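Only one structure is covered here, and it is reproduced in the block below.
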Amino acid sequence: HARYALPTRRPSDPQDMEKDREIPVNDKPTPSIGEIKLKEGNKIGRGSSGQVFRSLDKFGRTLAVKKIQLSSTENDNVSLSPQTVVTEQEYINQEVKLLETLSHEHVVRLLEHQISNSVLKLTMEYIPQSIVSMLKEYGPFEEQVVRHYTRQILSGLAYLHENSIA
């Protein structure tokens with residue numbers, strides 16, 4: 001039987017792991033702002049809070065950069081609950097701090113963040129293929145493949161729940 005895996009950043013082949021070691025990878029849990037120099041590529045996604053671009057770093061690694069337009073007023077508040085209101089900047093700092101601590105093979109990792117000209121840039125791992133794109137290319141999955149992907153998704157979701165997310 002063939003074995004399928006969601007596209008992840010963790011190579012399973014020891015030779016691939018060696019190749020990854022040849023490129024200086026920032027393995028620190030919280031990289032310093034400004035460490036990753038990027039060339040921006042095509043827009044690959046858009047959501048309610050921003051746009052995502054494929055980018056290339058100085059080592060040739062493909063990364064994803066999400067750009068979020070922040071409010072232009074520094075005193076804008078975010079209501080976390082009826083009892084808790086914080087400034088937008090405090091909210092962003094809390095969220096980024098939390099995202100930078102996450103480390104799981106089935107959760108996309110935040111590598112760096114920057115704020116400039118009222119734009120928050122989140123530099124993340126790039127996952128080249130989604131389940132949707134694989135379905136378009138290969139058609140419906142066999143039950144075994146669906147079970148395998150479901151286990152991976154639930155593993156990542158369980159990790160997020162353990163860390164009070166989702």
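These numbers come from the heavy atoms of this one structure, side chains and all, not from hydrogens, waters or symmetry mates. All of these numbers come straight from a predicted model, not from anything done at the bench. Residue indices begin at 1 and follow the sequence shown.
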Going by salt bridge (charged side-chain N to carboxylate O under 4.0 Å, His left out), name the residues that satisfy it together with K67, two or more places apart in sequence or in a different chain.
E40
Does the side chain of N163 come within less than 4.5 Å of L102's, by heavy atoms?
yes
Could you go through the side-chain contact (heavy atoms from CB on, under 4.5 Å) check for K39 and S55 one step at a time?
CA-CA 5 Å; K39 281 189 176 182; S55 300; over 6 Å; no
Answer yes if I68 and F53 sit in the same cluster of Ile, Leu, Val, Met, Phe, Trp and Tyr residues linked by side chain heavy atoms under 4.5 Å apart, and no otherwise.
no
What's the separation between atom NE2 in H104 and atom OG in S155, rounded to the nearest 0.5 Å?
3.0 Å
Identify whether I153 and L135 are in the same connected component of the hydrophobic contact network (ILVMFWY, side-chain heavy atoms under 4.5 Å).
yes
Residue pair V65 / L122, side-chain heavy-atom distance below 4.5 Å
no
To the nearest 0.5 Å, tell me how far Q51 CD sits from R46 CZ.
7.0 Å
To the nearest 0.5 Å, what is the distance between OH on Y149 and CG on L154?
15.0 Å
Starting from I44, can I reach L56 by hopping between I/L/V/M/F/W/Y residues whose side chains sit under 4.5 Å apart?
no
Heavy atoms, side chains only, cut-off 4.5 Å: are M124 and K66 in contact?
yes
Just wondering, do I115 and L70 contact through their side chains at under 4.5 Å, heavy atoms?
yes
Closest heavy-atom pair, S118 versus Q69, reported as atoms and distance to 0.1 Å, is O-NE2, 3.0 Å
Grouping I, L, V, M, F, W and Y whenever their side-chain heavy atoms are under 4.5 Å apart, do V96 and V107 come out in a common cluster?
yes
Verify whether one side chain among H148 and Q144 offers a donor that lies under 3.5 Å from an acceptor in the other.
no
Worked verdict on L111 versus R109 for side-chain contact (heavy atoms from CB on, under 4.5 Å):
CA-CA 6 Å; L111 303 172; R109 188 167 158 217; 4.2 Å; yes
Write out all pairs satisfying salt bridge (charged side-chain N to carboxylate O under 4.0 Å, His left out) with one or both partners inside residues 151-162, taking only residues at least two apart or from two chains.
none
With heavy-atom distances below 4.5 Å as the criterion, would you say the side chains of I165 and Y159 are in contact?
no
State the CG-CG distance between N93 and L98, to the nearest 0.5 angstrom.
12.5 Å
Carefully, step by step, assess Y126 and R61 under the rule side-chain contact (heavy atoms from CB on, under 4.5 Å).
CA-CA 9 Å; Y126 173 71; R61 293 179 299 179; over 6 Å; no
Give a yes or no on whether I131 and Y138 share a hydrophobic cluster (residues Ile, Leu, Val, Met, Phe, Trp, Tyr; joining criterion: side-chain heavy atoms under 4.5 Å apart).
yes
Heavy-atom side-chain proximity of E112 to E100 below 4.5 angstrom
no
For the residue pair D57 and T62, establish whether any side-chain heavy-atom pair is separated by less than 4.5 Å.
no
For the residue pair V146 and E142, establish whether any side-chain heavy-atom pair is separated by less than 4.5 Å.
no
